[in-house]
Amino acid sequence: QVQLVESGGGLVPPGESLNVSCAASGSIYSIASMGWYRQGPGKERELVARITNGGVSSLADSVKGRFTISIDNTKNTVNLTMNSLKPEDTAVYYCHALSVVTRHMDHFYEIWGQGSLVAVSP
């Protein structure tokens, strides 16, 4: 069984920084890419950032220059560093893994984390 376990998040005032991390647990052989989605109040879920196991990353325009995504393939973890946070960044942030293969050769097209709340407010 493969699971994504998130940590981090919380409540910060505007302009501050936060990190959210996600670790994939289980007997994992490979993960093609990992990323973060978010869903704000009354909004649809949107892609924030994604990074491949080769280190190629992409960021939503709304977070470019403020957010950074990194991956550690040896630990199957992905980290999102969020700087200069704005109230509009308030959302539940979901970790996402794409194309996960286990050591038993089970293939999962995608796996989602449980969500981590990031709230930006004075």
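Quantities reported herein were computed from a predicted structural model and do not represent experimental measurements.
Residue pairs meeting the ring-ring contact (aromatic ring centres under 6.0 Å, His included) criterion with at least one member in residues 35-64, sequence neighbours excluded: Y37-H96, Y37-W112. For residues 95-112, no residue pair satisfies the salt bridge (charged side-chain N to carboxylate O under 4.0 Å, His left out) rule, not counting sequence neighbours. Residue pairs that meet the salt bridge (charged side-chain N to carboxylate O under 4.0 Å, His left out) test with at least one member in residues 75-99, sequence neighbours left out, are R38-D89, R66-D89. For residues 56-89, no residue pair satisfies the disulfide bond (SG atoms under 2.5 Å apart) rule, not counting sequence neighbours.
The hydrophobic clustering, which links ILVMFWY residues whose side-chain heavy atoms are closer than 4.5 Å, places Y93 and V120 together. L47 is not connected to V20 by any chain of hydrophobic side-chain contacts under 4.5 Å among Ile, Leu, Val, Met, Phe, Trp and Tyr, and they are in different clusters.
What you find for I111 and L4 is that their closest heavy atoms are O-CD1, 3.2 Å. Nearest approach of M82 to V118, heavy atoms of both residues: CE-CG2, 3.8 Å.
No donor-acceptor pair under 3.5 Å is formed between the side chain of N53 and the backbone N or O of S33.
Put simply, CZ on F108 and CD1 on I31 are 11.0 Å apart, with the number rounded to the nearest 0.5 Å. R50 contributes atom CZ, which lies 7.5 Å from atom OG of S58 (distance to the nearest 0.5 angstrom). One finds the CD1 atom of I69 at 6.0 Å from the CG atom of L80 (value rounded to the nearest 0.5 Å). Between T90 atom OG1 and Q39 atom CD the span is 13.5 Å, to the nearest 0.5 Å. Expressed to the nearest 0.5 Å, how far CG of L98 lies from OG1 of T52 amounts to 11.0 Å. Summarising the geometry, atom OG1 belonging to T102 is positioned 10.5 Å from atom CD belonging to Q1; distances are rounded to the nearest 0.5 Å.
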Item to check | V78 and I51: CA distance, side-chain angles, deciding distance, side-chain contact (heavy atoms from CB on, under 4.5 Å) verdict | outcome: CA-CA 8 Å; V78 63; I51 187 167; 4.0 Å; yes
Checklist entry - When you look at L18 and L85, which way does the side-chain contact (heavy atoms from CB on, under 4.5 Å) test go after all the steps? => result CA-CA 8 Å; L18 272 179; L85 282 162; 3.9 Å; yes
Item to check | T77 vs D72, side chain to side chain donor-acceptor pair (under 3.5 Å): CA-CA, chis, key distance, verdict | outcome: CA-CA 5 Å; T77 60; D72 184 337; 4.6 Å; no
Next on the checklist: Quick one, H104 with Y29, criterion side-chain contact (heavy atoms from CB on, under 4.5 Å). Give me CA distance, side-chain angles, the key distance, then yes/no.
Outcome noted: CA-CA 8 Å; H104 305 292; Y29 176 74; over 6 Å; no
Taking only distance into account, with no hydrogens and no angle test, what donor-acceptor pairs under 3.5 Å do side-chain atoms of residues 6-17 form with protein atoms, sequence neighbours excluded?
residue: E6; atom: OE1; partner: G115; partner atom: N; Å: 3.0
residue: E6; atom: OE1; partner: S116; partner atom: N; Å: 3.1
residue: E6; atom: OE2; partner: C95; partner atom: N; Å: 2.8
residue: E6; atom: OE2; partner: G115; partner atom: N; Å: 3.3
residue: S17; atom: OG; partner: N83; partner atom: OD1; Å: 2.8

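Considering only residues two or more places apart in sequence or on other chains, K64 meets the salt bridge (Lys or Arg N to Asp or Glu O under 4.0 Å) condition with D61.
Side-chain contact between V2 and I28 is present, with heavy atoms from C-beta onward closer than 4.5 Å.
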